[in-house]
Protein chains: 2
Amino acid sequence: MSAVNVTDTREEEAVVTSATDAAVNTISNAVSNSVSNTAQSYHHGDLRTALLNAAAKRLSEHGVDSLSLRKLAEDAGVSRTAPYHHFKDKSALLSAIAAKGFSDWHSTAKRIFEQEDKTPSARFREFVCEYVGYAAANPEMYELMFGRTIWQNNAATGDLKDVAFPCFQFQVTMTKFWQHKGLLPDNQDALRLAQVTWGTLHGIARLLIDGIYADSSHIQEMCDCAADLFMQASNKA
Amino acid sequence: MSAVNVTDTREEEAVVTSATDAAVNTISNAVSNSVSNTAQSYHHGDLRTALLNAAAKRLSEHGVDSLSLRKLAEDAGVSRTAPYHHFKDKSALLSAIAAKGFSDWHSTAKRIFEQEDKTPSARFREFVCEYVGYAAANPEMYELMFGRTIWQNNAATGDLKDVAFPCFQFQVTMTKFWQHKGLLPDNQDALRLAQVTWGTLHGIARLLIDGIYADSSHIQEMCDCAADLFMQASNKA
DNA sequence: AAGGCTATGTTGACGGTGTCAAGATAAAGT
DNA sequence: ACTTTATCTTGACACCGTCAACATAGCCTT
């Protein structure tokens with residue numbers, strides 16, 4: 001890799017190596033960053049989104065635990081502390097990724113919910129399957145979105161809350177609709193019911209993701225069982 | 001604390017400090033370890049359980065994220081790598097703590113389930129509340145037991161699985177009983193139903209612990225709602 | 001009892017992490 | 001043109017898990 005003769009001082013060697021890395025990474029930036037193709041020397045241009053992209057990639061490929069600011073900085077061809085000019089700390093960066101996840105899921109949920117050509121019952125069932133399916137298909141993203149990493153100690157960013165809360169609210173909206181349509185019992189408070197139904201999906205998703213006493217070959221059956229259970233409950237009320 | 005004059009070599013200072021710590025911790029060991037009360041110089045005596053105790057304490061007080069082998073070793077008055085003679089790695093130590101948690105919970109579940117003087121319905125409701133209550137009261141332990149830290153990549157120790165699986169199995173046993181008593185729908189496979197009911201409790205617990213759109217002041221209502229839902233479902237079947 | 005085996009404890013070292021402080025550079029506003 | 005501000009840099013610090021090599025002490029065999 002390096003043609004530099006080995007010196008006895010480690011500092012010099014380190015400097016040379018890092019300079020080489022920087023050059024390599026600048027090239028890879030030009031390739032992956034479809035915007036600018038001339039090598040930018042000092043300022044990156046759009047480091048924030050570059051970091052988020054690199055993070056999303058690493059997240060899906062190597063899991064949330066392998067996300068380090070240093071690696072992301074290296075991916076973006078930038079020094080280790082550069083990210084701090086765009087994110088307060090690691091948690092803030094993770095929050096930003098999760099925010100995109102919530103935004104995406106919110107859209108998906110809306111799309112499913114608003115399919116006028118299907119019966120409410122069919123949509124309800126589809127929603128259940130899609131929810132658990134999304135979690136099982138994107139375990140790392142799901143883990144990040146709903147894991148304690150982001151939410152513990154009220155560490156969630158304001159930005160994150162702004163995106164996540166409407167997503168939660170939508171769950172209540174749907175619950176009310178399903179209650180109205182007789183798919184869910186009408187004798188329960190909508191908020192509580194939303195928490196419980198969502199809790200069920202969340203719980204199933206986590207048991208699947210963590211591989212605790214449930215495996216992905218039974219997703220369909222578990223979803224059907226859950227949907228049946230809820231819809232059966234409505235017949236009594 | 002130390003009357004030793006400050007020397008210019010850090011190594012000496014470090015040695016002195018660690019020796020002092022060892023003495024202090026030996027005393028505290030004698031207090032908490034009811035077995036031996038004479039100061040042991042080199043060998044700890046029962047480091048394994050001392051580590052587990054220290055871990056349990058740190059876990060409940062400062063959370064699972066603050067658990068480091070180095071701190072635990074220091075708590076036990078022992079050098080940083082000593083724990084490796086009792087646990088393969090950090091994950092193994094965490095597994096051992098979680099195993100105790102499963103064992104404890106298994107006992108609690110059994111006790112609730114086997115109260116002959118109460119109706120099955122009352123016991124079911126109590127079980128739901130106790131489950132969520134336990135999780136909310138011991139969030140860090142619950143997080144450790146059911147979090148991905150231990151289970152990801154099939155990293156769970158054989159010992160852990162040996163304790164956890166009977167715990168899971170018991171959930172199925174109870175489910176069958178409740179189905180038989182007409183508290184849960186009889187037209188569903190017991191395993192699936194166990195996964196779904198447990199998933200519900202698990203999901204509610206996690207939403208509460210992580211503070212996601214649910215807070216602990218509504219535990220009772222949420223548990224009642226969940227119990228109602230399940231029991232209502234049985235009336236149709 | 002002597003000697004060796006094994007369990008247990010020790011320091012040293014390595015590579016990894018998040019984060020702060022202080023300085024360098026370039027862009028943007030005056 | 002000068003200054004301010006945003007961005008990026010290296011240096012440093014305190015942690016972390018873990019391996020390797022060595023020290024000690026208890027136990028077991030002869």
Side-chain angles (χ1 to χ4, degrees), chain A residues 9-23 25-26 29 36 38-51 55 58 62-95 149 155, chain B residues 9-19 21-23 25-26 29 36 38-51 55 58 62 64-95 149 155:
Chain A
T9 75
R10 294 191 181 164
E11 286 191 4
E12 284 185 28
E13 192 181 1
V15 168
V16 170
T17 304
S18 106
T20 308
D21 287 358
N25 283 307
T26 301
N29 275 344
S36 65
T38 62
Q40 60 265 23
S41 53
Y42 200 92
H43 283 112
H44 180 283
D46 195 359
L47 181 55
R48 188 189 157 88
T49 64
L51 286 171
R58 264 216 143 77
H62 302 97
V64 62
D65 290 330
S66 77
L67 279 182
S68 85
L69 288 183
R70 293 170 108 106
K71 282 183 197 155
L72 294 179
E74 192 176 357
D75 285 353
V78 112
S79 79
R80 42 209 187 339
T81 57
Y84 284 91
H85 293 274
H86 300 272
F87 301 96
K88 180 182 157 289
D89 53 19
K90 185 180 183 181
S91 172
L93 191 152
L94 296 181
S95 287
T149 312
Chain B
T9 75
R10 294 192 182 165
E11 288 193 2
E12 285 184 28
E13 193 180 1
V15 168
V16 169
T17 304
S18 109
D21 286 359
N25 283 306
T26 301
N29 277 344
S36 66
T38 61
Q40 59 264 26
S41 54
Y42 199 91
H43 283 112
H44 180 283
D46 195 359
L47 181 56
R48 188 189 157 89
T49 64
L51 287 171
R58 264 216 143 76
H62 302 97
V64 62
D65 290 329
S66 78
L67 279 183
S68 83
L69 288 184
R70 293 169 109 107
K71 282 183 197 155
L72 294 179
E74 193 176 357
D75 285 353
V78 113
S79 78
R80 42 205 185 341
T81 57
Y84 285 90
H85 291 276
H86 299 272
F87 300 96
K88 179 182 158 288
D89 54 19
K90 185 180 183 180
S91 173
L93 191 152
L94 296 181
S95 288
T149 312

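Because the structure is predicted, anything quoted here is derived from the model rather than measured. To find a chain, count down the sequence lines: A is the first, B the second, and so on, and within it residues start at 1.
- Closest non-hydrogen pair, Ala73(B) versus Ser79(B), comes out as CB-O, 3.4 Å.
- For Asp65(A), the side chain to side chain donor-acceptor pair (under 3.5 Å) partners two or more places apart in sequence, or in a different chain, are Gln152(B).
- The Ala82(B) side chain lies nearest to dT10(C) when the options are dA12(D), dT11(C), dT10(C).
- The interatomic distance linking Asp46(B) (CG) with dG26(D) (P) rounds to 15 Å, in whole Å.
- Rounded to an integer number of Å, the gap from Leu69(A) CG to dC8(D) C1' is 15 Å.
- For the pair Leu51(A) CG and dC8(D) C1', the interatomic distance rounds to 12 Å; values are reported in whole Å.
- Here the closest heavy-atom approach between residue Arg48(B) and residue His86(B) is recorded as NH1-O, 3.5 Å.
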As a check on the pairing definition, encode DNA chain D in dot-bracket form, counting Watson-Crick and G-U wobble pairs whose two distances are under 3.5 Å, and using | for partners outside this strand.
||||||||||||||||||||||||||||||
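- For the atom pair CG (Leu47(B)) and CZ (Phe87(B)), the distance works out to 8.0 Å, reported to the nearest 0.5 Å.
- An OP1 or OP2 oxygen of dC16(D) is reached within less than 4.0 angstrom by a side-chain nitrogen or oxygen of Ser68(B).
- Straight-line distance from the CG atom of Leu47(B) to the P atom of dA7(C): 16 Å, rounded to whole Å.
- Here the side chain of Lys90(B) pairs a donor or acceptor atom with the backbone of Leu67(B) at under 3.5 angstrom.
- Taken residue by residue, residues 83-95 of chain B places heavy atoms nearer than 4.0 Å to DNA chain D at Tyr84(B), Asp89(B), Lys90(B).
- You won't find any donor-acceptor pair under 3.5 Å spanning the side chain of Thr81(B) and the base of dT18(D), going by distance alone.
- Atom C1' of nucleotide dC8(D) and atom CD of Glu74(A) are separated by 16 Å, given to the nearest angstrom.
- Contact of Arg70(A) with dG18(C) (side chain to base): a donor-acceptor pair of N or O atoms is detected under 3.5 Å.
- For the pair Asp75(A) and Leu51(A), the minimum side-chain heavy-atom distance is 4.5 Å or more.
- Spacing between atom CG of Leu72(A) and atom C1' of dT17(C) amounts to 12 Å, rounded to whole angstrom units.
- As rounded to whole Å, 9 Å separates atom C1' of dC16(D) from atom NZ of Lys71(B).
- For Arg80(B), the side chain to side chain contact (heavy atoms under 4.5 Å, CB included) criterion is met by Arg70(B), not counting sequence neighbours.
- Residues passing the side chain to side chain contact (heavy atoms under 4.5 Å, CB included) test with Tyr84(B), sequence neighbours excluded: Leu69(B), Thr81(B).
- For dG11(D), its base sits under 3.5 Å from the side chain of Arg80(A) at one donor and acceptor pair at least.
- The NE2 atom of His62(A) sits 12.0 Å away from atom OG of Ser68(A), with the distance rounded to the nearest 0.5 Å.
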